[in-house]
> 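This structure is in structure tokens; I'll ask about it shortly.
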Amino acid sequence: MEKIRRASHAGSWYTDNPNKLSEELDGWIRAAGLPKSSDVRGVIAPHAGYSYSGRAAAYAFGNIDPTNITLVFLLGPSHHYYTPKCALSTATVYKTPIGDLPIDLEVIEELKATGKFELMNLRVDEAEHSMEMHLPYLSKVFEGHPVKIIPILVGALSAENEAMYGKLLAKYVDDPHNFFSVSSDFCHWGSRFNYMYYDKKYGAIHKSIEALDKMGMDIIETGDADAFKQYLSEYDNTICGRHPISVFLHMLSNSSTKIKIKFLWYEQSSQCKSTRDSSVSYASAAAKVDA
């Protein structure tokens, strides 16, 4: 029986008008002007409202060549629901205003059988925006190509569990028909986020934030999950998708396909100049087969 996850953030976080949404996404992808490459096997992309991060996300999704991909694994952080594990969707289809994305129930069963995942109910699923904000882009990029998705909500994992899930999912990286969409914003800065790290040597606050984010991005590009963990414990940078990114790094280091992450875009929602200001950073990356 069909079990639908509604596009619960359409009409607020992004437009629910199909024509307008389609035009917006096309416009952003065109503006990014990236060549499509079949070597791109994954992305790291933001998940804020499209008025904030829609343009930045195009620098991840604009790379994708949909021709050979049949399955997309979606890894998003949990903002409202606490779990020390990863959770699988119980829906059979994810709706978007511009086309629906069916879930691959066979792979869901395979993952369930490991006994390592919990299931999230529809209420938890629909309350979470981190994966939903990737869906319209995926729907747009894979238009006309039959693709299924595997949404995985990544909870507050310990370092051991990040490594365990990375190992468990690594085999899917070796299948060139599989793709990975990893959802994360970068630094959330300001008193409302309880995070105000500032290194004065960079001058303005927003320059310090950029240096901090770039340090993290550089470490992610090395593929070293332990170094990323070390960076997070040292600076506590409020990267909300730290757990999905860590799982992805472990997946790549445990797979036999050599894949390298490269960041292609970085911006901030606003430039913080005083401690009264706040901002969120958005970074987009492509994970490419490294010949």
Side-chain angles (χ1 to χ4, degrees), residues 1-32 34 36 43-67 69-81 88-105 108 120-153 179-185 240-241 244 265 269 280 282 284:
M1 208 184 74
E2 198 174 58
K3 191 172 176 189
I4 291 166
R5 182 206 182 275
R6 295 172 303 127
S8 48
H9 294 74
S12 51
W13 289 57
Y14 56 99
T15 178
D16 54 4
N17 176 320
N19 293 340
K20 193 168 174 242
L21 181 58
S22 195
E23 269 168 35
E24 258 178 15
L25 297 171
D26 272 333
W28 286 325
I29 288 171
R30 253 200 324 275
L34 297 170
K36 292 192 187 323
V43 293
I44 297 172
H47 56 234
Y50 280 177
S51 59
Y52 296 103
S53 73
R55 187 178 74 115
Y59 285 86
F61 294 106
N63 275 284
I64 302 169
D65 177 353
T67 322
I69 295 160
T70 53
L71 188 60
V72 177
F73 287 78
L74 200 48
L75 276 69
S78 179
H79 286 84
H80 311 291
Y81 171 73
L88 300 169
S89 177
T90 51
T92 60
V93 65
Y94 272 28
K95 284 214 158 306
T96 90
I98 55 169
D100 301 340
L101 293 159
I103 288 175
D104 190 316
L105 302 177
I108 291 279
M120 58 172 155
N121 63 36
L122 216 46
R123 199 175 48 81
V124 168
D125 206 339
E126 289 182 347
E128 183 52 64
H129 64 272
S130 71
M131 293 189 280
E132 181 177 337
M133 299 311 292
H134 282 204
L135 299 174
Y137 259 116
L138 291 169
S139 200
K140 165 57 65 187
V141 168
F142 287 99
E143 219 167 2
H145 298 266
V147 74
K148 290 184 173 180
I149 59 169
I150 301 289
I152 300 174
L153 185 74
F179 188 86
F180 303 88
S181 198
V182 180
S183 181
S184 183
D185 294 336
C240 56
W265 190 257
S269 61
V280 180
Y282 309 118
S284 291

> In Å, rounded to the nearest 0.5 Å, how long is the span from CZ of Arg30 to CD of Glu23?
9.0 Å
> Applying side chain to side chain donor-acceptor pair (under 3.5 Å) as the test, list every pair that has at least one member in residues 51-64; sequence neighbours left out.
Arg55-Glu267
> To check you understand the geometry: which heavy-atom pair defines the closest contact between Leu105 and Ala91, and what is its length?
CD2-O, 4.2 Å
> Could you state the interatomic distance from CD1 (Ile150) to CG (Leu88), rounded to the nearest 0.5 Å?
8.0 Å
> What pairs with Thr70 under side chain to side chain contact (heavy atoms under 4.5 Å, CB included), at least two apart in sequence or on another chain?
His177
> Run the side chain to side chain donor-acceptor pair (under 3.5 Å) test against Arg123 and tell me which residues pass, sequence neighbours left out.
none
> In Å, rounded to the nearest 0.5 Å, how long is the span from CZ of Phe73 to CG of Asp104?
7.5 Å
> Side-chain polar contacts of residues 130-142 - donor-acceptor pairs under 3.5 angstrom, sequence neighbours left out - could you list them?
| residue | atom | partner | partner atom | Å |
| --- | --- | --- | --- | --- |
| Ser130 | OG | Pro77 | O | 2.8 |
| Ser130 | OG | Glu128 | OE2 | 3.3 |
| Glu132 | OE1 | Arg5 | NH1 | 3.0 |
| Glu132 | OE1 | Arg5 | NH2 | 3.0 |
| Glu132 | OE1 | Ser8 | N | 3.4 |
| Glu132 | OE1 | Ser8 | OG | 3.1 |
| Glu132 | OE1 | His9 | N | 3.4 |
| Glu132 | OE1 | His9 | ND1 | 2.8 |
| Glu132 | OE2 | Ser8 | N | 3.4 |
| Glu132 | OE2 | His9 | N | 2.8 |
| Glu132 | OE2 | Tyr14 | OH | 2.7 |
| His134 | ND1 | Ser181 | OG | 2.8 |
| His134 | NE2 | Ala45 | O | 3.0 |
| His134 | NE2 | Pro46 | O | 3.3 |
| Tyr137 | OH | Gly54 | O | 2.7 |
| Ser139 | OG | Ile98 | O | 3.4 |
| Ser139 | OG | Gly99 | O | 3.2 |
| Lys140 | NZ | Ser22 | OG | 2.7 |
| Lys140 | NZ | Asp26 | OD2 | 3.3 |
| Lys140 | NZ | Glu143 | OE1 | 3.3 |

> Do the side-chain N and O atoms of Thr15 and Asn17 include a donor-acceptor pair separated by under 3.5 angstrom?
no
> Using side-chain heavy atoms (C-beta onward) and a distance below 4.5 Å, is Leu101 in contact with Val72?
no
> Which pair of heavy atoms, one from Ala32 and one from Ala58, lies closest together, and at what distance?
CB-O, 4.0 Å
> Could you tell me which residues satisfy side chain to side chain donor-acceptor pair (under 3.5 Å) with Asn121, sequence neighbours excluded, listed by chain and number?
none
> I'd like to know if the side chain of Glu2 and the backbone of Val93 have a donor-acceptor N/O pair within less than 3.5 Å.
no
> Output all residues satisfying ring-ring contact (aromatic ring centres under 6.0 Å, His included) with His79, sequence neighbours left out; order by chain, then residue number.
His47, His129
> Take Thr96 and Leu21 through the side chain to side chain contact (heavy atoms under 4.5 Å, CB included) test and state the conclusion after the steps.
CA-CA 10 Å; Thr96 90; Leu21 181 58; 5.6 Å; no
> With sequence neighbours excluded, what pairs up with Asp16 under the side chain to side chain donor-acceptor pair (under 3.5 Å) test?
none
> Measure the spacing between CG of Leu71 and CD1 of Ile103 and express it to the nearest 0.5 Å.
11.0 Å
> I'd like to know if the side chain of Ser184 and the backbone of Gly241 have a donor-acceptor N/O pair within less than 3.5 Å.
yes
> Measure the CD1-OG1 distance between Ile69 and Thr67 for me, rounded to the nearest 0.5 Å.
8.0 Å
> Within a strict 4.5 Å, meaning less than it, do heavy atoms of the Leu122 and Lys3 side chains meet?
yes
> Kindly give the heavy-atom pair with the smallest separation between Ser284 and Ala60, and that separation in Å.
CB-N, 3.7 Å
> Any idea which heavy atoms bring Pro102 and Val147 closest together, and the distance?
CD-O, 3.6 Å
> Atom CG in Leu74, atom CD1 in Ile152: separation rounded to 0.5 Å?
8.5 Å
> State which residues pass side chain to side chain donor-acceptor pair (under 3.5 Å) with Glu24; sequence neighbours excluded, sorted by chain then number.
none
